Protein chains: 2
Amino acid sequence: MSLDRRSGCPINLSLEVFGDRWSLIILRDMIFGGRRHFRELLNGSMEGIASNILADRLKRLMELGMLTKADDPSHKQKAIYSLTEMAITLVPILAHLGAWGRVWLPTSEELSIRAELLEKGGPPLWEKFMDELRHEHLGTPLDTASGPSVRATLQAAYQAVVASKALSASPAA
Amino acid sequence: MSLDRRSGCPINLSLEVFGDRWSLIILRDMIFGGRRHFRELLNGSMEGIASNILADRLKRLMELGMLTKADDPSHKQKAIYSLTEMAITLVPILAHLGAWGRVWLPTSEELSIRAELLEKGGPPLWEKFMDELRHEHLGTPLDTASGPSVRATLQAAYQAVVASKALSASPAA
DNA sequence: GCAACCGATTGCAAAATGCAATCAGATTAG
DNA sequence: CTAATCTGATTGCATTTTGCAATCGGTTGC
């Protein structure tokens, strides 16, 4: 299951890699959601992916060199999926994609706050995030002693919006 | 035919817009290839889109607000398609996508030269290009008297690579 | 006239998707 | 020990999407 190679155009080839409904969603959940196991991806994605499609896409993404799979030492039959450098360098694209979607599409407020922070942070923040991902997934050292992780920061912002919406929905006693 | 709205995540919604094999290819040909008519898109795309799918995607992209259609005054039944601002702001995403594909995928040299120039030019070049697209498609004035168009520059680079490859393939007499 | 071209539409086979049920092995709770 | 649960998948099947070729009625150039 390699590329069809309809043409050698970079944009076309990129689309052949993740020009479908699920591949980028899976990568999004691994990158921003920190998910590493099959079940986490299966139950964790808000969009509700089916298990057969998840299995197929994981296989495909491995064959394309975007993911690797290893045994989880703590669990005999648990597999742990890791991002490769190829996948980690998608961060700027995901940031742009999120920024574009936030402007032009009916995104929900609590979910778009992360895209907003990522956009505001710009390339320096993306680099920091990619460095953290390399540390998590490739075992490279972190060269900057750098406070809270980007993922934690994004997640905290999300939680804050959820909490404030809950407050305004049910005014306190 | 609007969005499915599987979730309000910006990345998910963006994928619902162009997470298929053809929508971005069509936009690529309009943006970088300058194509405005059905037949130009049908015969011009290297990847060989089928006419029914092209018709379907054009309709969908119009419904999503990425394209508009108008009668070509010079030809009674000729339609001319225009990019909206929503589509024009995809330029940075396409630039990133091309840059990523150029690095990680087996792109052809003559087609990746444009992605390389676009990447090297960075945000200033993208802005200039978007300004030119606004002029072409939305009729806004060009605020910079700015030499050759970005599209012409990219096309010239492509032609130069094609020519040099032809030379080395058939050494001159 | 009449051939070529315009933006599509139709029919049909093949592939992808969505969904629910199920699997065998590993782990955990009682 | 045993039963329930959790692991990463696989299977079967109906629906949807895609790819491809043929075709359409109207327009244009000659």
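In what follows, every heavy atom counts, from backbone to side chain, and hydrogens, waters and symmetry copies are set aside. Proteins get letters first, then strands, A, B, ... in listed order; numbering begins at 1 in each. Quick caveat: nothing in here was measured; it's all calculated off a predicted structure.
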Show, in sequence, the C-alpha distance, side-chain angles and deciding distance for Arg21(A) and Asp4(B), and conclude whether the salt bridge (charged side-chain N to carboxylate O under 4.0 Å, His left out) test is met.
CA-CA 11 Å; Arg21(A) 292 287 247 222; Asp4(B) 284 352; 3.0 Å; yes
Could you tell me the separation between the CZ atom of Arg60(A) and the C1' atom of dT17(C), rounded to a whole number of Å?
14 Å
Strictly below 4.0 Å, N to O, side chains only: are Glu109(A) and Lys165(A) in salt-bridge contact?
yes
Roughly, in whole Å, what's the span from CG in Leu58(B) to P in dC6(C)?
15 Å
Side-chain donor/acceptor of Ser149(B) to backbone N/O of Ala152(B), under 3.5 Å:
yes
Could you state the atom-to-atom distance from CE of Met62(B) to P of dG7(C) in whole Å?
12 Å
With a 4.0 Å limit, can you tell me whether Lys69(B) has a side-chain N or O closer than that to the phosphate oxygens OP1/OP2 of dA8(C)?
yes
Please check: side-chain N/O of Asp72(B) versus main-chain N/O of Lys78(B), any donor-acceptor pairing under 3.5 Å?
no
Roughly how many Å is it from CG in Asp56(B) to P in dG11(C), rounded to a whole number?
16 Å
Taking the nucleotide of DNA chain C with the nearest heavy atom to each, does Asn52(A) or Gln77(B) sit closer to the 5' end?
Gln77(B)
Could you tell me whether a side-chain N or O of Glu47(B) sits under 3.5 Å from a main-chain N or O of Ile25(B), the two making a donor and an acceptor?
no
Report yes or no: does Arg36(A) contribute a side-chain atom to a donor-acceptor pair with the main-chain N or O of Tyr81(A) at less than 3.5 Å?
yes
Quick one: does Ser14(B)'s side chain have a donor or acceptor within less than 3.5 Å of a partner on Leu97(A)'s backbone?
yes
Could you say whether Ala50(A) or Ala55(B) is positioned toward the 5' end of DNA chain C, judged by the nucleotide with the nearest heavy atom to each?
Ala55(B)
Just by distance, do the side chain of Arg134(A) and the backbone of Ile88(A) share a donor-acceptor pair under 3.5 Å?
no
Bounds of contact between DNA chain D and chain B, in 5' to 3' order, using a heavy-atom cut-off under 4.0 Å:
dT18(D) to dT28(D)
Length of the line joining Asp71(B):CG and dG7(C):C1', which is rounded to integer Å
12 Å
What is the distance from NZ of Lys76(B) to C1' of dC6(C), rounded to the nearest Å?
14 Å
Would you classify Arg57(B) as touching base, sugar-phosphate or nothing, given that sugar-phosphate means primed atoms plus P, OP1 and OP2, and contacts are heavy atoms under 4.0 Å?
sugar-phosphate
Going by number, which of residues 37-49 of chain A have a non-hydrogen atom under 4.0 Å from DNA chain D?
His37(A), Phe38(A), Arg39(A)
Using modelled atom types and a 3.5 Å cut-off, is there a donor and acceptor pairing between side-chain atoms of Thr84(B) and backbone atoms of Gly65(B)?
yes
Would you say the side-chain atoms of Trp100(A) and Thr89(B) include a donor-acceptor pair closer than 3.5 Å?
yes
Per nearest nucleotide of DNA chain D, the residue lying toward the 5' end, Arg6(A) or Arg36(A), is Arg36(A)
Which ones in residues 19-31 of chain B lie close to DNA chain C, meaning a heavy atom under 4.0 Å from one of its atoms?
none
Any idea how Phe129(A) and Phe32(A) line up, ring-wise: parallel (<30°), tilted (30 to 60°), or perpendicular (>60°)?
tilted
